[in-house]
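Convention: sequence-line order gives letters A, B, ...; per-chain numbering from 1. Please read all numbers here as calculations on a predicted model, not as lab measurements.
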2 protein chains.
Amino acid sequence: MPPTIHDVARLAEVSIKTVSNVLNDYPHIRPATKQRVLDAIATLDYTPNLTARGLRSGRTGLVSLIIPDLRNAYFAELADIVVRAAEAQGLSVLIAQSNGDRERELSLLSGPRMQMVDGILFSALGLSAADNDLLARIRTPMVLLGERILDGPKDHVTMRNVEGTQAATEHLLSIGRRRLLAFGADPEQGTGSARLRLDGYRWALAGAGIAEDPDLVVRVVGWYRSTGAQSMRRLLERGVEFDGVVAFNDLIALGAMRVLQDAGLRIPEDVAVIGFDDVDETRYTLPTLSTIDPGREEIVEVALRWLTERIDGSAADLPPRDHLTAFRVLQRESTTPGGDGS
Amino acid sequence: MPPTIHDVARLAEVSIKTVSNVLNDYPHIRPATKQRVLDAIATLDYTPNLTARGLRSGRTGLVSLIIPDLRNAYFAELADIVVRAAEAQGLSVLIAQSNGDRERELSLLSGPRMQMVDGILFSALGLSAADNDLLARIRTPMVLLGERILDGPKDHVTMRNVEGTQAATEHLLSIGRRRLLAFGADPEQGTGSARLRLDGYRWALAGAGIAEDPDLVVRVVGWYRSTGAQSMRRLLERGVEFDGVVAFNDLIALGAMRVLQDAGLRIPEDVAVIGFDDVDETRYTLPTLSTIDPGREEIVEVALRWLTERIDGSAADLPPRDHLTAFRVLQRESTTPGGDGS
DNA sequence: ATGAAAGCGCTAACAT
DNA sequence: ATGTTAGCGCTTTCAT
C-alpha cells in the first residue's frame with residue numbers, strides 16, 4: 001500500500017489539512033511546518049493519489065484526444081503536439097481511435113470514460129452536422145478539430161482548407177501548369193476537407209479564367225498512400241493528360257508520385273505535384289514534396305487553450321468559437337522545375 | 001451534475017447496492033428488479049463515474065504507454081496497436097512521451113500520474129540496466145519494451161534484433177553483395193538496438209567468412225530520416241565503396257536512399273538497401289524498401305497479456321519473464337535486382 | 001435476493 | 001496558521 005496523506009500527517013505531526021495545504025501550495029503556512037511536511041513526504045516517498053483527488057475535486061487532469069487513427073502521419077504528428085502541449089500544462093492525454101467510424105465515435109463520446117476526463121479534443125470523421133444535437137448534449141468540455149462539423153455547438157479549430165488549396169493550385173498555375181488534377185475529390189461529399197479543398201481548387205481556376213475539366217477531378221476513396229497510388233494508376237490507364245497534381249493530402253500525393261515515376265514521368269518536369277499537410281516525410285522523399293503547412297502547432301495551441309478555458313469556466317458563457325489557422329505554401333522540389341539535383 | 005448511482009436507485013426503488021450489482025452483473029438478481037434498474041439507468045442516461053469506481057476498487061482501467069515520441073512512425077504504429085488491443089479489453093491508454101530523455105523517463109515513472117494507472121508499458125530509451133534498482137522499486141505493474149534494459153526486474157518483450165539483422169545481412173549476401181554497410185551503428189553503445197543489430201551484422205559476415213571492414217561500419221546519431229541522409233552524404237564524400245546497405249531502421253534507410261539516388265546511384269542495381277521495422281511507408285517508396293518485420297503485433301499482444309496478468313495478480317509470484325517475437329524478412333524492390341518496373 | 005453502512009484518499013468548508 | 005469534519009460516487013463486507 002502506498003503511503004497516504006494521513007501517513008505524511010502522522011510523521012510530520014500535523015493534520016492532513018496542513019499536508020493538503022502544502023501539496024496545493026496554499027500560501028499561509030509557517031516555513032518550519034512546511035519543511036517538516038516536505039521532509040515527511042520525501043522520507044515516505046509519498047505521491048498524491050490522483051484518483052482520489054479527481055473524485056473530490058471533479059478534475060482528473062486528463063484530456064481525451066479522439067482521432068481516426070495513429071497510423072496516419074498527420075494524426076500521429078498532431079497527437080505528438082497535443083501530448084507535448086498538454087504535458088506542459090500538467091495534463092495527461094488519453095488517446096482513443098475511432099477509425100473514422102460514426103458508431104465508434106458515438107460510443108466513445110457517450111462512454112463512461114469520457115466522464116473521467118476534464119475535456120475532449122475531438123477530430124470527427126464519422127459524425128456530421130446532423131449530429132449537432134447529440135454533441136450539444138455532451139457536458140464534458142470539448143473542442144472540435146477538423147472540418148466534418150463546421151457550425152457545431154462547440155468551439156472549433158481547424159485549418160484554412162479552401163484558401164490553402166487555392167494557394168496550392170495558384171502555385172502550380174504560377175509555374176505555368178494548366179491541366180491540374182484535383183486529386184482526392186469526393187463529389188458526393190457535401191462537407192469535409194474533400195469538399196473544401198475542391199472549392200479552393202475551383203476558386204483558383206476561376207480566378208485564372210480556366211474552365212474546369214471534369215476529367216481532371218479525381219476521386220480518391222480514403223486518403224492513404226495506397227489509395228492515392230491506386231487512383232493514379234487508374235487515371236494513367238484512362239490516358240487522361242495533365243501537367244500538375246493538386247493532391248488533397250500528402251499521403252495520396254506520395255502514393256501518386258510513386259506511380260507517376262514508375263510510369264516514367266518525371267517530377268516536376270512532366271508533372272508537378274503539391275500536397276497538403278506538411279507531414280514530416282515530405283522533406284525526404286524523392287523529389288521532396290511541395291505542400292501546404294496547415295499550421296498544426298497553432299491548431300493545438302488554440303484548441304488546448306480554449307479547452308482549458310472551458311474547463312476552468314473562464315469562457316463559460318461564450319458562444320461556440322471558431323478559429324482558422326494561418327497556412328504557408330512550402331515550395332519544394334516537386335514543383336521546382338530546373339531545380340538542383342533532382 | 002450527472003446522475004449518480006443514488007439517483008438510479010431512487011428511481012428504480014432499490015438500494016444502491018442493487019444498482020451496483022446490476023452494473024457489475026452480479027448473478028443473483030431477480031430479473032424484474034434488474035429490468036427496473038436497467039430502465040432507470042436508461043431514462044436517466046446514467047453513466048458510472050469511473051473515477052469513483054477507481055478510487056474504491058483500486059483499478060482505473062487506465063494503462064500508460066511511455067514512448068520516446070509519436071513522430072517516429074515505428075512508435076506511432078506501435079501506439080496504434082496498443083490502443084486497439086487495450087480497447088478490446090476495456091482499457092484506455094494514456095500516452096506519455098519521453099523524448100528518449102533519461103530524466104524525463106524518471107520523472108514520468110515516479111510522477112503521480114503513474115499512481116493513477118493500472119499498468120505501464122515502458123519503451124525505455126534513456127534508462128539503462130544501471131537503473132534496475134529504481135525500476136524494481138516501482139509498484140505499478142510494468143512491462144518493458146525494447147532493448148535498452150534486457151535483464152531488468154520486470155517482464156520484457158522485444159524483437160529479435162540480432163537474428164533479424166543477421167537475416168537482413170544474409171539476404172544481401174544471398175543476392176551477391178559483398179561490401180555491406182552496417183548503417184546506424186553506434187560503437188560506443190554497449191547495449192541497445194544499435195549494439196544488437198551490429199552483432200547480427202557481424203554474425204552474418206562471420207558466417208560467410210567475410211572480414212569486417214571498419215570503414216563500412218557507419219555511425220548514425222539518432223535514427224531519423226534526416227540523420228540517415230546526413231550520414232550517407234558524409235560517407236559518399238569520403239568516397240567509401242559499397243554495394244549494399246544494412247540499415248538499422250527504416251527511417252535512416254529512407255534518408256540514405258534519398259541521398260544515394262540524388263548522387264545518381266541506382267537502387268538496387270548499384271546499391272541494395274534493406275531496413276528494419278516494416279514501417280507502413282516502406283511499401284510505397286521508390287523503390288519499395290526491403291525490411292525486417294519485427295512482429296509488432298506479437299509484441300503488443302504478449303506485452304498486454306503479461307501486463308494484465310500482473311495487474312490481476314494471476315502472475316503474481318512469477319519472476320520477470322522474457323519474450324522475443326518472431327520476425328520475417330520482407331524482400332521488396334530495394335533488394336530485387338532486375339525486378340519489375342523500377 | 002437485497003439493504004445498511006463503512007470507507008477508498010483526498011479537498012474544502014468551517015472552526016479555532 | 002492549523003485542525004475537524006463532511007462528503008465526492010462507488011464497491012464491498014456484513015446483515016437480513
Side-chain angles (χ1 to χ4, degrees), chain A residues 1-38 40-41 44-62 90 112-118 139-140 312, chain B residues 1-38 40-41 44-62 90 112-118 139-140 312:
Chain A
M1 280 280 93
T4 76
I5 203 173
H6 288 98
D7 300 321
V8 176
R10 201 172 312 122
L11 185 59
E13 299 180 297
V14 294
S15 78
I16 61 164
K17 174 70 205 309
T18 304
V19 179
S20 177
N21 283 158
V22 171
L23 255 28
N24 302 283
D25 38 43
Y26 175 76
H28 309 296
I29 316 171
R30 209 175 329 137
T33 316
K34 180 165 183 175
Q35 194 50 53
R36 247 184 315 139
V37 171
L38 256 21
I41 289 176
L44 290 176
D45 198 17
Y46 166 80
T47 285
N49 180 320
L50 261 32
T51 307
R53 179 179 284 178
L55 176 58
R56 178 62 238 220
S57 68
R59 296 274 189 79
T60 55
L62 257 33
R113 196 100 278 157
M114 291 306 123
Q115 257 242 29
M116 194 183 210
V117 301
D118 296 340
R139 321 281 297 208
T140 311
D312 66 26
Chain B
M1 280 284 94
T4 76
I5 201 172
H6 288 98
D7 301 321
V8 176
R10 202 172 311 123
L11 185 60
E13 298 180 300
V14 295
S15 78
I16 60 165
K17 173 73 205 308
T18 304
V19 179
S20 178
N21 281 343
V22 172
L23 254 27
N24 301 284
D25 39 41
Y26 176 76
H28 309 295
I29 316 173
R30 211 179 325 141
T33 316
K34 180 165 182 171
Q35 194 51 54
R36 243 180 323 132
V37 172
L38 255 21
I41 288 177
L44 290 178
D45 197 19
Y46 167 79
T47 285
N49 181 319
L50 260 33
T51 307
R53 180 178 283 177
L55 176 58
R56 178 63 238 219
S57 68
R59 296 273 189 80
T60 55
L62 258 30
R113 197 103 274 158
M114 290 308 123
Q115 256 244 29
M116 193 184 211
V117 301
D118 295 342
R139 322 282 296 208
T140 311
D312 67 26

### Query
Who pairs with Ile41(B) by side-chain contact (heavy atoms from CB on, under 4.5 Å), at least two apart in sequence or on another chain?
Val8(B), Leu23(B), Val37(B), Leu38(B), Tyr46(B)
### Query
Excluding sequence neighbours, so at least two apart, what forms side-chain contact (heavy atoms from CB on, under 4.5 Å) with Ile29(B)?
Asn21(B), Val22(B), Tyr26(B), Thr33(B), Lys34(B)
### Query
What parts of residues 30-37 of chain B reach DNA chain C, counting only heavy atoms under 4.0 Å away?
Arg30(B), Thr33(B)
#### Entry: Close residues, residues 44-58 of chain B, relative to DNA chain C [heavy-atom separation under 4.0 Å]
Leu55(B), Arg56(B)
### Message
Would you say that Met116(B) contacts Thr60(A) through its side chain, given a criterion of any heavy-atom pair below 4.5 Å between the two side chains?
### Response
yes
### Query
Hey, are the side chains of Pro2(A) and Gln115(B) touching, using non-hydrogen atoms and a 4.5 Å cut-off?
yes
Might you point out which heavy atoms bring [X] and [Y] nearest each other, and give the distance in Å?
{"X": "Ala40(B)", "Y": "Ala12(B)", "result": "CB-CB, 3.9 Å"}
{"X": "Ile5(A)", "Y": "Val19(A)", "result": "CG1-CG1, 3.4 Å"}
{"X": "Val117(B)", "Y": "Thr140(B)", "result": "O-CG2, 3.6 Å"}

### Summary
Note: contacts of residues 5-19 of chain B with DNA chain D (heavy atom, under 4.0 Å) are Ile5(B), Ile16(B), Lys17(B)
### Message
For chain A and DNA chain C, what are the first and last nucleotides along the strand, 5' to 3', with at least one atom under 4.0 angstrom from a heavy atom of the protein chain?
### Response
dG9(C) to dA13(C)
## Note on the structure
Value for OG1 (Thr18(A)) from CZ (Arg36(A)), rounded to nearest 0.5 Å, stands at 9.0 Å
Report, one line per pair, each donor and acceptor closer than 3.5 Å where one atom sits in a side chain of residues 48-57 of chain B; sequence neighbours left out.
| from | atom 1 | to | atom 2 | distance (Å) |
| --- | --- | --- | --- | --- |
| Asn49(B) | OD1 | Thr51(B) | N | 2.8 |
| Asn49(B) | OD1 | Ala52(B) | N | 2.9 |
| Ser57(B) | OG | Arg53(B) | O | 2.7 |
| Ser57(B) | OG | Arg59(B) | N | 3.2 |
| Ser57(B) | OG | Arg59(B) | O | 3.4 |

### Task
List for me each residue that meets side-chain hydrogen bond (donor to acceptor under 3.5 Å, both in side chains) alongside Arg113(A), sequence neighbours excluded, and say none if there are none.
Ser92(B)
### Query
With Ser20(A), which residues qualify under side-chain hydrogen bond (donor to acceptor under 3.5 Å, both in side chains), at least two apart?
Asn24(A)
### Summary
Contacts satisfying salt bridge (charged side-chain N to carboxylate O under 4.0 Å, His left out) that involve residues 5-24 of chain A (not counting sequence neighbours) are Asp7(A)-Arg10(A)
### Query
End-to-end bend of the helix from dA1(C)-dT16(D) to dT16(C)-dA1(D) (five-pair axes, 10° rounding)?
30°
### Nucleotides bounding contact with chain B, strand DNA chain D, heavy-atom threshold 4.0 Å
dG9(D) to dT13(D)
